[in-house]
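To start, the structure under review is shown below, and the notes come after it.
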Protein chains: 2
Amino acid sequence: MKNQLANIILFHRKRSGLTQLELAELAGVGKNMIYELENGKQSVRLDNLINVLRVLNINITFQSPLRESFLKEYPDADC
Amino acid sequence: MKNQLANIILFHRKRSGLTQLELAELAGVGKNMIYELENGKQSVRLDNLINVLRVLNINITFQSPLRESFLKEYPDADC
DNA sequence: CCATATTTCCCTGTTAAGTGGGGAATATGT
DNA sequence: ACATATTCCCCACTTAACAGGGAAATATGG
């Protein structure tokens with residue numbers, strides 16, 4: 001149970017029937033990156049992570065109390 | 001409108017009344033990182049981004065159809 | 001309008017992220 | 001039990017993320 005992200009990636013990759021190598025190639029990253037991601041490495045590059053998550057159909061979102069109340073007041077803001 | 005993340009960070013930093021330099025020091029990153037984040041740089045390190053978001057009280061979450069249906073079936077899984 | 005704060009965008013050196021190769025360890029399935 | 005697939009984890013090399021200095025451009029506010 002290294003961290004949340006590692007488990008999410010492992011779970012989705014297994015469900016997709018992909019090997020680490022196949023996922024790496026689909027995401028355009030090195031094979032070691034998948035291994036490191038699944039083992040809790042935090043110092044990966046964001047764009048690489050996003051490419052991996054895209055293959056696995058995982059969405060990354062950002063939430064905060066401030067943002068949610070702001071978007072409720074100004075629904076078209078999108079910022 | 002470079003990207004979503006850049007706008008979120010800028011919006012929250014302004015609301016916090018912090019300068020780029022102050023946010024950088026609180027997050028333990030270089031001053032240039034804040035500038036680059038707010039200008040849409042995608043190749044930043046995830047741990048640095050997380051440190052910045054923590055200061056701004058912004059949460060990262062991961063969502064997928066697979067994950068949501070899975071957690072609905074097995075509420076205690078947490079993976 | 002002026003002084004000051006802040007942001008933008010150069011630059012340079014350092015450091016570690018990322019890569020592919022490769023081989024040992026482990027898992028898978030027949 | 002065996003062959004094969006996959007994962008784990010080491011290595012060395014390349015490259016760019018990062019920090020921090022600095023200076024011009026821009027924003028702020030008194």
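Chain naming here is simple, since letters A, B, ... match the order of the sequence lines and numbering starts at 1 in each. Computation of the quantities below employed the complete heavy-atom set of this structure, encompassing side-chain atoms and omitting hydrogens, waters and symmetry-equivalent molecules.
- The separation between L18(A) atom CG and dT6(D) atom P is 10 Å, rounded to whole Å.
- Remark: K31(B), N32(B) in residues 24-33 of chain B come within less than 4.0 Å of DNA chain C through at least one heavy atom.
- Placement of I58(B) and L18(B) within a single hydrophobic cluster is found when ILVMFWY residues are connected by side-chain heavy-atom separations under 4.5 Å, directly or transitively.
- One can place CG of L49(A) at 10 Å from P of dG18(C), the figure rounded to the nearest angstrom.
- For the pair L23(A) CG and dT7(D) P, the computed distance is 10 Å after rounding to whole Å.
- Scanning both residues, N57(A) and S64(B), for their nearest heavy atoms gives O-CB, 3.3 Å.
- Phosphate proximity of dA17(D) to N48(B): absent, as no side-chain N or O sits under 4.0 Å from OP1 or OP2.
- Looking at heavy-atom distances under 4.0 Å, Q20(A) makes contact with sugar-phosphate atoms alone, never a base.
- Side-chain proximity of R45(A) to the nucleotides dA16(D), dC9(D), dT8(C) is greatest for dA16(D).
- No side-chain donor-acceptor contact under 3.5 Å links N48(A) to the backbone of V44(A).
- In this structure, R13(A) reaches the dT7(D) phosphate: one of its side-chain N or O atoms is under 4.0 Å from OP1 or OP2.
- Rounded to whole angstrom, the span from the CG atom of L21(A) across to the P atom of dT19(C) amounts to 12 Å.
- For the pair R54(A) and N51(A), the tightest heavy-atom approach, listed with the atom from each and the gap, is NH1-OD1, 2.9 Å.
- Counting to the nearest Å, the P atom of dT7(D) and the NZ atom of K41(A) are 18 Å from each other.
- The distance from the CZ atom of F62(B) to the OG1 atom of T61(A) is 8.5 Å, given to the nearest 0.5 Å.
- For the pair D47(B) and E22(B), nearest-nucleotide mapping onto DNA chain C gives the more 5' position to E22(B).
- Whole-Å rounding puts the Y35(A) OH to dA17(C) P distance at 15 Å.
- Linking Ile, Leu, Val, Met, Phe, Trp and Tyr whenever their side-chain heavy atoms come within less than 4.5 Å puts V52(A) and I50(B) in one cluster.
- L21(B) and M33(B) are members of different hydrophobic clusters when ILVMFWY side chains are connected at heavy-atom separations under 4.5 Å.
- Looking at E38(A), its side chain never comes within 3.5 Å of a backbone N or O of Y35(A) through a donor-acceptor pair.
- Residue I9(A) contributes atom CD1, which lies 16 Å from atom C1' of dT7(D) at whole-angstrom precision.
- By the criterion of side-chain heavy atoms lying less than 4.5 angstrom apart, applied directly or through intervening Ile, Leu, Val, Met, Phe, Trp or Tyr residues, L56(A) is not grouped with L10(A); the two fall into different hydrophobic clusters.
- A single hydrophobic cluster is seen to contain both L23(A) and I60(A), as judged by linkage of ILVMFWY side chains at heavy-atom distances under 4.5 Å, directly or through other members.
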Kindly give the atom pairs (protein nitrogen or oxygen, nucleotide nitrogen or oxygen) under 3.5 Å for nucleotides 24-30 of chain D.
none

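- Listed here is the closest heavy atom pair of A24(A) and K31(A): CB-CA, 3.7 Å.
- L49(B) is listed as a side-chain neighbour of L5(B), based on a closest heavy-atom distance under 4.5 Å.
- In the set dC18(D), dT6(D), dA17(D), dT6(D) carries the atom at the smallest distance from any side-chain atom of T19(A).
- Overall bending of the helix from dC1(C)-dG30(D) to dT30(C)-dA1(D), expressed as the angle between end axes built from five pairs apiece, is 80° (10° steps).
- The separation between L46(B) atom CG and dC18(D) atom C1' is 15 Å, rounded to whole Å.
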